[in-house]
Amino acid sequence: MELSSSFIHFTNPSTSSPCNHYSFSSSFSPFPIQIHTKNLKFANPTCPNHRIFAVAVDPQGPQQELPKNSPQRLLRELAERKRGTAPKKKFPPKKFILRPPLDDKRLAERFLNSPQLSLKAFPLLSSCLPSSRLNNADKTWMDEYLLEAKQALGYPLEPSENFGDDNPAKQFDTLLYLAFQHPTGERTKARHVRSGHTRLLFLGQYVLELALAEFFLQRYPRESPGPMRERVYALIGKKHLPKWIKAASLQNLVFPFDDVDKLKRMEREPPVKSVFWALFGAIYLCFGMPEVYRVLFEVFGMDPEAEDCQPRERRQLEDVDYVSVEFEGKKLSWQEVAAYKPPEDALFAHPRLFRACVPPGMHRFRGNIWDYESRPQVMRALGYPLKMEDRIPDITKARNIELGLGLQLCFLHPSKHKFEHPRFCYERLEYLGQKIQDLVMAERLLMKHLDAPGLWLQERHRRTLMNKFCGRYLRDKHLHRFVIYAEDVQEKFEHNRKMRNPATTAVQQSLHGLSYAVYGKPDVRRLMFEVFDFEQIQPKAVV
């Protein structure tokens, strides 16, 4: 490559020819550039021995016309050709770009300053608070809309901060604000608002399921779980929720700029479902399950006897067995279910719920072979009976007898007695156990993962309680050997995995339902996380 520069050193200016040619040649182009200097004059040259010649060319000037053999023109044409043919680079969106993790000190400060660690007496309520304190934009929404929401739900209009620190209702204003910030709203761009709302709706869906399951089990003591599930869906199915939101005059808070009746179904149902579930999560945390019933049946006006809430007609098995005296000849109302308080000398944590799931006729099974051989092994594996402080020893004895009958019912497969005695199987206990198991796992995940959004918790919840896993937990304890099948199908269930897995899952869930009815929610936590190890904390032994 030959280079010649325009910075030329002349030893004798008088001998230099004014017609010398200067050329620049490179590998870019075979055409030389001829620059003539005979007409160039400098008034004040800086140095007598140096002459500096400069040619300024604007490559982007529209009026500048370059010669055909100019390298600048060739480079410009090449750049234009590449711009038209080369594919555009696709940069990854910001959410996929890895960010450096917070150091331990900043992470600890963020958690310690979070409102989620402020309530030591109410850990579940504290875990559902926003991860950072509300800002001015949050306060503006609360000042504008919160009074309208409280009035529609039937709550006093005074700020909830006036309650004492020992009252969970003190946080109701904050949770009520989070409940209405559905994913398509304006405030969900803020991380603490979006995460707080999704955590509330994650809890609220299981609260609603358990509340209606308990209600229908006590209202219809002879009915199988199939019609009950249809009744529940007819009340709180996602296509019915806009009707209830409009009945309570809350549609303007969910859709402040749209008419709910003119929206398409896919635009209307997801926000309403999100707000509805989160709302009952907030009510449950601050006021408990009785208030859930009041808002469902008073504020929203749900009617379990409405024509569109009835299950489809099906062939019913004849039920000739007795039910408890509390249910005979009447249907319990929601007020009776919500206001029921067990007597002081009650055998169980939820005596009416136990009577609704375990028929009185189970006493005919006392003293059979399963009662003598299998029941002691099952009770030993589950850690039953628990120590209870009863004033009268006869109460303890009666509870242990009823617990044994309930355990036998948990292992009684429908193939055995269901067609002659429809309630002599674990189906009703299984229905209750599935709902309390979902709620207990949801509460566990909320308190364990304070920084996780609700969608992540939902996926973790679903994978942990998958049916094939629930049956496996029971089989790991070798309790599937005590399931009572009918003689003609016993061999099929013992050797067919597709039939065995659902049956063992149902037994597992019915054990949780019995545990909840007899000892309450703490015992369900004990069974799930200490006896059966639902979270699989300990590594499995290698055989």
[X] and [Y]: side chain donor to acceptor below 3.5 Å:
X	Y	answer
Q181	H197	no
D138	Y177	yes
R475	N501	yes

Looking at [Y], does the NZ or CZ of [X] lie under 6.0 angstrom from its six-membered ring centre and within 45 degrees of the ring axis?
X	Y	result
R444	F529	yes
R526	Y384	yes
R294	Y155	yes
R231	Y220	yes
R352	Y340	yes

**Message:** I'd like to check the salt bridge (Lys or Arg N to Asp or Glu O under 4.0 Å) partners of R500; sequence neighbours left out, ordered by chain and number.
**Reply:**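 R500: no salt bridge (Lys or Arg N to Asp or Glu O under 4.0 Å) contacts found.
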Close side-chain approach of [X] to [Y], heavy-atom, < 4.5 Å:
X	Y	answer
D438	H461	yes
P304	F216	yes
L285	L203	yes
M289	L210	yes
Q205	F202	yes
Y516	L353	yes

Take atom [atom1] of [X] as the centre, draw a 6.0 Å sphere, and report whether it contains more than 12 heavy atoms from other residues, nucleotides or ligands.
X	atom1	result
Q151	CD	no
D303	CG	yes
K150	NZ	yes

